[in-house]
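Input: a single structure, listed below in structure tokens.
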Amino acid sequence: MIASVMMCASVVLLLIGMLAGVVMGMLQDFTLAPAHAHLNLVGGVLLFMFGLYYHLVPAAGRLMLAKVQGWLHIIGAILFPVGIALVTTKGHNFEIAAIVGSLVVIVAVALFTVIVFRTSRA
Ligand code: HEM
């Protein structure tokens, strides 16, 4: 279940990130390139790969920790690029959003590390 939520959220974020890339190219304004990159990589690539792991190793996907990890990663994958976009367009007063977003992503990846160590030999 969490695997499917993560993969669905991931493809939506990837589509948004890629459309933002097209708009950046059309406007020839690359201010949002770092936000675009982090949305695509953290939200599009990592989130999909982690969801795929839960799909391939159902014992991992059934853990309560996996649900916490998946939702945290989804929240972080949105908050982090939004925070980066706010900092690059509106200035350093918005750093807190990028900082909190990055910390949420790090916690989610740390939880994923614990889950992989516990379940990858199953
Ligand atoms: C329709 C698809 C995409 C378009 C049109 C697009 C467009 C762009 C553009 C215009 C830039 C800025 C280039 C510059 O600063 O000179 C950029 C940067 C970047 N893109 Fe994309 N992109 C697409 C998909 C992706 C995907 C799928 C990923 C990763 C999974 C990605 C990762 C990056 C990275 C890492 C950068 C460099 C960011 C930086 O320099 O701060 N892009 N992209």
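- In plain terms, the two heavy atoms of Ile115 and Gln69 that are nearest each other are CD1-CB, 4.1 Å.
- Minimum heavy-atom separation, Ala97 to Gly83: CB-CA, 3.7 Å.
- For the atom pair Ile74 CD1 and Cys8 SG, the distance stands at 9.5 Å (nearest 0.5 Å).
- One distance of note links CD1 of Ile16 with CG of Leu19; it measures 8.0 Å at 0.5 Å rounding.
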Derivation of the side chain to side chain contact (heavy atoms under 4.5 Å, CB included) call for Leu65 and Val114
CA-CA 9 Å; Leu65 199 56; Val114 172; 4.2 Å; yes
Is there a side chain to side chain contact (heavy atoms under 4.5 Å, CB included) between Phe80 and Val104? Walk through the geometry before answering.
CA-CA 8 Å; Phe80 189 23; Val104 171; over 6 Å; no
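- The ring of Tyr54 has its center closer than 6.0 angstrom to the ring center of Phe112.
- Distance check: Ile78 CD1 to Leu47 CG gives 9.0 Å after rounding to the nearest 0.5 Å.
- Val105 and Leu79 fall within a single hydrophobic cluster, where Ile, Leu, Val, Met, Phe, Trp and Tyr side chains are chained together by heavy-atom contacts under 4.5 Å.
- Val107 and Ile96 fall within a single hydrophobic cluster, where Ile, Leu, Val, Met, Phe, Trp and Tyr side chains are chained together by heavy-atom contacts under 4.5 Å.
- Looking at heavy atoms from C-beta onward, Leu63 lies in side-chain contact with Thr119 at the 4.5 angstrom threshold.
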Quick one: do Val45 and Met49 satisfy side chain to side chain contact (heavy atoms under 4.5 Å, CB included)? Show the steps, please.
CA-CA 6 Å; Val45 178; Met49 283 174 57; 3.9 Å; yes
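- Separation of atoms CG (Leu13) and CG (Leu41) is listed at 12.0 Å; rounding is to 0.5 Å.
- A search for side chain to side chain donor-acceptor pair (under 3.5 Å) contacts involving Asn93 returns nothing, not counting sequence neighbours.
- Rounded to the nearest 0.5 Å, atoms CG (Leu15) and CG (Leu39) are 10.5 Å apart.
- The backbone N or O of Gly44 sits less than 3.5 Å from a side-chain atom of Ser10, completing a donor-acceptor pair.
- Residue Pro34 comes nearest to Ile84 through the heavy atom pair CB-CG2, 3.9 Å, listed as atom of the first residue, atom of the second, then distance.
- Of all the heavy atoms in Gly61 and Ile2, the pair that sits closest is O-CG2, 3.6 Å.
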Side chain to side chain contact (heavy atoms under 4.5 Å, CB included), that's the test. Do Val5 and Trp71 meet it? Break it down for me.
CA-CA 9 Å; Val5 172; Trp71 281 111; 3.8 Å; yes
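- Counting Ile, Leu, Val, Met, Phe, Trp and Tyr side chains that sit under 4.5 Å apart, directly or through other members, Phe30 shares a hydrophobic cluster with Met24, Leu32.
- In this structure, His73 contributes its side chain and Ala108 its backbone to no donor-acceptor pair below 3.5 Å.
- Panel note: side chain Ser120, backbone Phe117; no donor-acceptor pair is recorded below 3.5 Å.
- Taken from CG in Leu111 to NZ in Lys67, the straight-line distance is 14.0 Å, to the nearest 0.5 Å.
- His36 and Gly17 get closest at one heavy-atom pair: ND1-O, 2.8 Å.
- In plain terms, the two heavy atoms of Ala77 and Gly43 that are nearest each other are CB-CA, 3.6 Å.
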